[in-house]
Amino acid sequence: MDPLSGAVKFKPGKGLDIKSADGNWSMNLKLKGQLLDEFVLPTLEIAPSRNYFFVRRMRLGIGGSIFTKDIKYKTEFTFAGQELNRRTVGVSGATAATMGGMVTSSAEVLQQAPLLDLFVEFQQLRDLTLHVGQAKVPFGRERTLSDSDLQTVDRSIDDVEFNFDRDMGAELRSTDLGGAGMFRYYLGIYNAEDKNAGNNTLGVGDFCYLYFARFEVLPMGTFEDTPVDFARTTPKLSFGIAYA
């Protein structure tokens with residue numbers, strides 16, 4: 001069988017799949033968007049009501065496997081202005097460096113890079129999967145769910161507090177520790193500089209990293225993390241603890 005003679009399939013909601021015949025090489029292309037209209041009532045009687053209608057998300061995702069089914073990759077880009085906002089940046093100065101603090105400037109950076117995710121995952125060992133690159137820090141379940149799979153328009157407000165968002169780093173993980181279908185773990189170290197940090201980003205090179213650990217027990221068996229169970233499978237339960 002010619003490994004280059006593969007298949008091309010499209011499925012609504014899943015995107016375009018391109019696979020080699022042996023399955024060792026694959027690529028999935030997915031374009032997703034979301035429009036959002038917000039109507040805001042004023043807290044003061046003299047203030048006018050406001051209405052905001054904008055593109056909340058517009059993303060292109062590319063993922064799959066390379067060389068073997070056990071080496072996965074993913075990259076995702078955003079093109080929505082809401083996610084490419086201009087923002088003030090901090091700069092380090094002589095006094096700040098001496099005192100161990102920071103100086104905040106009024107300068108604005110250009111639009112942020114559109115890159116959201118870029119990582120490789122080596123899954124040869126079930127209990128020691130190596131994940132390297134830029135991605136969401138898997139500290140909480142809600143944040144790691146894909147925005148296209150949410151049951152509501154956006155995540156809950158408490159996700160802002162219990163969330164480390166995307167960062168660059170490496171981690172060891174297993175979604176089926178020991179093969180028992182009851183345990184998961186994540187151990188990792190990240191830059192703690194947010195996504196798309198460079199050598200001119202404040203704090204880079206200071207060895208102030210983000211260390212985190214997460215452990216889960218699933219007494220009723222493993223399951224895929226989804227916000228709603230459309231397939232109506234058997235009941236599932238998860239207990240977890242995380243520290244960062």
Side-chain angles (χ1 to χ4, degrees), residues 13-14 17 19 23-24 26 28 30 61 63-76 116-152 154-195 208-244:
K14 299 297 183 181
D17 282 313
K19 294 183 178 181
N24 288 332
S26 66
N28 172 266
K30 182 187 293 185
S65 59
I66 186 170
F67 302 127
T68 168
K69 297 176 183 178
D70 293 326
I71 302 180
K72 307 289 186 181
Y73 68 91
K74 180 188 175 183
T75 181
E76 185 171 355
L116 293 177
D117 294 324
L118 177 59
F119 63 82
V120 180
E121 216 171 68
F122 301 90
Q123 302 178 346
Q124 287 89 343
L125 300 177
R126 180 197 59 212
D127 296 341
L128 287 173
T129 293
L130 177 62
H131 177 99
V132 182
Q134 179 171 289
K136 296 175 183 176
V137 178
F139 183 74
R141 184 188 305 276
E142 184 178 20
R143 188 66 183 92
T144 56
L145 292 174
S146 172
D147 53 85
S148 59
D149 294 331
L150 296 177
Q151 191 173 10
T152 55
D154 239 322
R155 296 177 177 86
S156 59
I157 56 176
D158 64 325
D159 181 64
V160 177
E161 296 296 331
F162 299 97
N163 163 36
F164 288 100
D165 202 44
R166 288 175 168 87
D167 207 342
M168 184 73 183
E171 66 182 65
L172 291 174
R173 59 169 65 173
S174 175
T175 55
D176 186 13
L177 183 61
M182 295 179 60
F183 306 104
R184 297 175 179 171
Y185 84 89
Y186 305 81
L187 291 172
I189 175 172
Y190 280 80
N191 273 344
E193 295 298 338
D194 204 355
K195 59 181 177 290
C208 293
Y209 297 116
L210 167 67
Y211 305 90
F212 84 96
R214 173 179 164 191
F215 182 74
E216 286 184 64
V217 178
L218 301 89
M220 304 178 76
T222 186
F223 59 91
E224 183 182 358
D225 284 337
T226 55
V228 59
D229 186 7
F230 289 113
R232 298 193 181 280
T233 57
T234 56
K236 299 294 182 181
L237 186 63
S238 171
F239 296 99
I241 184 171
Y243 175 81

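Both backbone and side-chain heavy atoms feed into the values below; hydrogens, waters and symmetry mates do not.
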Is the closest side-chain heavy-atom distance between [X] and [Y] below 4.5 Å?
| X | Y | answer |
| --- | --- | --- |
| T222 | K236 | no |
| E142 | D158 | yes |
| F183 | V217 | yes |
| Y185 | L172 | yes |

Testing the basics here: between [X] and [Y], what is the closest heavy-atom pair and its distance to 0.1 Å?
| X | Y | value |
| --- | --- | --- |
| F119 | Q134 | CD2-O, 3.7 Å |
| V132 | A170 | CG2-CB, 4.2 Å |
| L210 | A192 | N-CB, 3.7 Å |
| F67 | N24 | O-CB, 3.5 Å |
| D176 | D127 | O-OD1, 3.6 Å |
| N28 | K30 | OD1-CB, 3.9 Å |

*Do side-chain atoms of E193 reach the backbone of D167 as a donor and acceptor pair under 3.5 angstrom?*
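Judged by distance alone, no pair lies under 3.5 Å.
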
*asked:* Would you say the rings of F139 and F212 are close, in the sense that their centroids are separated by under 6.0 Å?
replied: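 Centroid separation for F212 and F139: 6.0 Å or greater.
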
*For D165 and K195, run salt bridge (charged side-chain N to carboxylate O under 4.0 Å, His left out): C-alpha distance rounded to whole Å, both residues' side-chain angles, the deciding distance at 0.1 Å, then the answer.*
CA-CA 8 Å; D165 202 44; K195 59 181 177 290; 3.6 Å; yes

For the atom pair [atom1] ([X]) and [atom2] ([Y]), what is the distance rounded to the nearest 0.5 Å?
| X | Y | atom1 | atom2 | result |
| --- | --- | --- | --- | --- |
| D159 | N163 | CG | CG | 4.5 Å |
| D70 | R126 | CG | CZ | 12.5 Å |
| Q123 | L130 | CD | CG | 10.5 Å |

*Without hydrogens or angle criteria, can the side chains of R184 and S238 be said to hold a donor-acceptor pair below 3.5 Å?*
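On atom types as modelled, these side chains do not qualify, holding no pair under 3.5 Å.
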
_No-hydrogen, no-angle side-chain donor-acceptor test under 3.5 Å, Y190 and E171_ =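 Short answer, yes.
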
_Counterpart residues, side chain to side chain donor-acceptor pair (under 3.5 Å), relative to S26 (two or more places apart)_ =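 Applying side chain to side chain donor-acceptor pair (under 3.5 Å) to S26 gives S65.
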
*Between K72, R166, K136, which is the residue that forms a salt bridge (charged side-chain N to carboxylate O under 4.0 Å, His left out) with D117?*
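Looking at K72, R166, K136, the match for D117 under the salt bridge (charged side-chain N to carboxylate O under 4.0 Å, His left out) is R166.
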
*Identify the residue among K74, R173, K69 that makes a salt bridge (charged side-chain N to carboxylate O under 4.0 Å, His left out) with E121.*
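When K74, R173, K69 are each tested with E121, the salt bridge (charged side-chain N to carboxylate O under 4.0 Å, His left out) holds only for R173.
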
*From CA spacing to verdict: side chain to side chain contact (heavy atoms under 4.5 Å, CB included), Y186, T175*: CA-CA 9 Å; Y186 305 81; T175 55; 4.2 Å; yes

*How about I241: does its CD1 atom have over 12 heavy atoms from other parts shown lying under 6.0 Å from it?*
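Counting other residues, nucleotides and ligands, CD1 of I241 stays at 12 neighbours or fewer.
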
